[in-house]
2 protein chains.
Amino acid sequence: MQWYDSVVPEVGNSERSWGGASFLLAQVGAHAAARFKERIAELDLAAPQAGLLRMIAVTPGLSQQAYATRLGTPPSRFVTLVDGLEARGLVERRRGEPDRRLYALHLTEAGQQMMRRIGAVGRAHENALCEALNDTERAQLRDLLARIAEQQELTAGVHPGYRPRS
Amino acid sequence: MQWYDSVVPEVGNSERSWGGASFLLAQVGAHAAARFKERIAELDLAAPQAGLLRMIAVTPGLSQQAYATRLGTPPSRFVTLVDGLEARGLVERRRGEPDRRLYALHLTEAGQQMMRRIGAVGRAHENALCEALNDTERAQLRDLLARIAEQQELTAGVHPGYRPRS
DNA sequence: TATTGTTATACTCTATAACTATA
DNA sequence: TATAGTTATAGAGTATAACAATA
């Protein structure tokens, strides 16, 4: 008998679906996101900002449109996101050459420093979240989740929260 | 080399934290929630409504306050949630006896029928989401997630989305 | 005329706090 | 005076669509 079975011993199959992998995934996933949001807020960042910083760090110099397309974000929302990072001096808009319609995005020095702090936050978060599992089990979990992600055609490193909700 | 490693081969440790279990959990968890939202929308329900219906099905007859406390939801939001379900004839408010300040919540006949349809949706959702895994692996995944949930002190069957965001 | 980026606006969801009724 | 539930209102976050600049 598992923990997630024990609480609803008397109900039928329909209610029991809450003990399935899909509900646990949504539940624990939302918990993970909430805890990360708390930690990243201490750097005065929102989670989507941290995700964008990381994407720029990994693949710098693309146009705003290119990043927005990769993330699945509507342009107007993406502009707001970049505005916040640029106002804090973490990201730089460099006018396109020769096509002056586009802006290539780059991390500033401060932005690269921020990425290192985000990395530290991420590692602390990972450890706190997986405290119940040993190293072998964590690897097992990563493997199972990665296989689901691949089969569901999720893009590595891109959180679905960037996509429109409708 | 895993799928989630292969995409960012050249970057440092800070950016690599996106391949950790915690990011995969948030990512796949958000995906699971989004897919469930789509499916449940075909029954003209929002996900939080389905979760509340299920809680009432499992433990009927409590006061609104009791449910709201269990879910961690502010009273005003809870009222809105119940209003929607009552207007559709899925949930019934029964005036408290003898304390006429409370309303005990029960599923109507239509509400119980709806729970069966939700159960079918949930099973289809589970199968689609876990298509990449065989039965043994699904059990493994449930076990790992349930251990994290327990250590993180999550309440079984209660999605963190009911809690205030601040 | 098409494309990149921006701004204006409206909509959805939710939290805070004031309010009503019962105790 | 305290508690259960409700209503009013404001705020955050986000999408739609119109717009300006450049090609």
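All chains are named by letter (A, B, ...) in the order of the sequence lines, taking the proteins before the strands, and each is independently numbered beginning at 1.
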Nearest whole angstrom, please: distance from the [atom2] of [N] to the [atom1] of [X].
X      : N      : atom1 : atom2 : answer
A/Q64  : D/dA20 : CD    : P     : 19 Å
B/Q49  : C/dC13 : CD    : C1'   : 13 Å
B/R100 : C/dT22 : CZ    : C1'   : 8 Å
A/R94  : C/dT4  : CZ    : P     : 20 Å
B/D83  : D/dT6  : CG    : P     : 7 Å
B/H159 : C/dT14 : NE2   : C1'   : 16 Å
A/F78  : D/dA15 : CZ    : C1'   : 16 Å
A/R101 : D/dA20 : CZ    : C1'   : 13 Å

Practice problem: Counting heavy atoms from C-beta on, name the nucleotide in C/dG5, D/dT3, C/dA2 closest to the side chain of A/Q65. | Solution: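 Selected nucleotide: C/dG5.
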Quiz prompt | Closest listed nucleotide, where the reference is the side chain of A/S63 and the choices are C/dG5, C/dT7, C/dT16 | solution =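 The closest nucleotide is C/dG5.
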Taking 4.0 Å as the cut-off, does a side-chain nitrogen or oxygen of [X] come that near to OP1 or OP2 on [N]?
X      : N      : value
A/R93  : C/dT6  : yes
B/R165 : C/dT14 : yes
A/R77  : D/dA15 : yes
B/R95  : C/dT22 : yes

Exercise. Select from A/R163 and A/P98 the residue whose nearest nucleotide in DNA chain D is closer to the 5' end of that strand.
Key: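 Result: A/R163.
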Quiz prompt | Residue whose closest nucleotide on DNA chain C lies nearer the 5' end, A/D99 versus B/T73 | solution =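 Closer to the 5' end of DNA chain C: A/D99.
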So what does [X] touch, heavy atoms closer than 4.0 Å: a base, only the sugar-phosphate, or nothing?
X      : value
A/P164 : sugar-phosphate
A/Y103 : sugar-phosphate
B/P48  : nothing

Quiz item: For the residue pair B/F23 and A/H159, what are the closest heavy atoms and their distance?
Solution: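 Heavy atoms of B/F23 and A/H159 come nearest at CZ-N, 4.0 Å.
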Quiz item: Is any side-chain N or O of A/S76 under 3.5 Å from a base N or O of D/dT14, one able to act as donor and the other as acceptor?
Solution: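 Answer is no: no donor-acceptor pair is held.
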Quiz item: Is the CZ atom of B/R163 crowded by more than 12 outside heavy atoms at less than 6.0 Å?
Solution: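 12 or below, so no.
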Exercise. Answer yes when B/R123 and B/E126 have at least one side-chain N-carboxylate O distance shorter than 4.0 Å, and no when they do not.
Key: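 The answer is no: the pair does not qualify as a salt bridge.
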Quiz item: Is there a salt bridge (charged side-chain N to carboxylate O under 4.0 Å, His left out) between B/E86 and B/R88 once you walk through the steps?
Solution: CA-CA 5 Å; B/E86 190 188 36; B/R88 295 190 46 194; over 6 Å; no
Quiz item: Hey, is the main chain of A/V158 close enough, under 3.5 Å, to the side chain of B/Q27 for a donor-acceptor pair?
Solution: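 Present.
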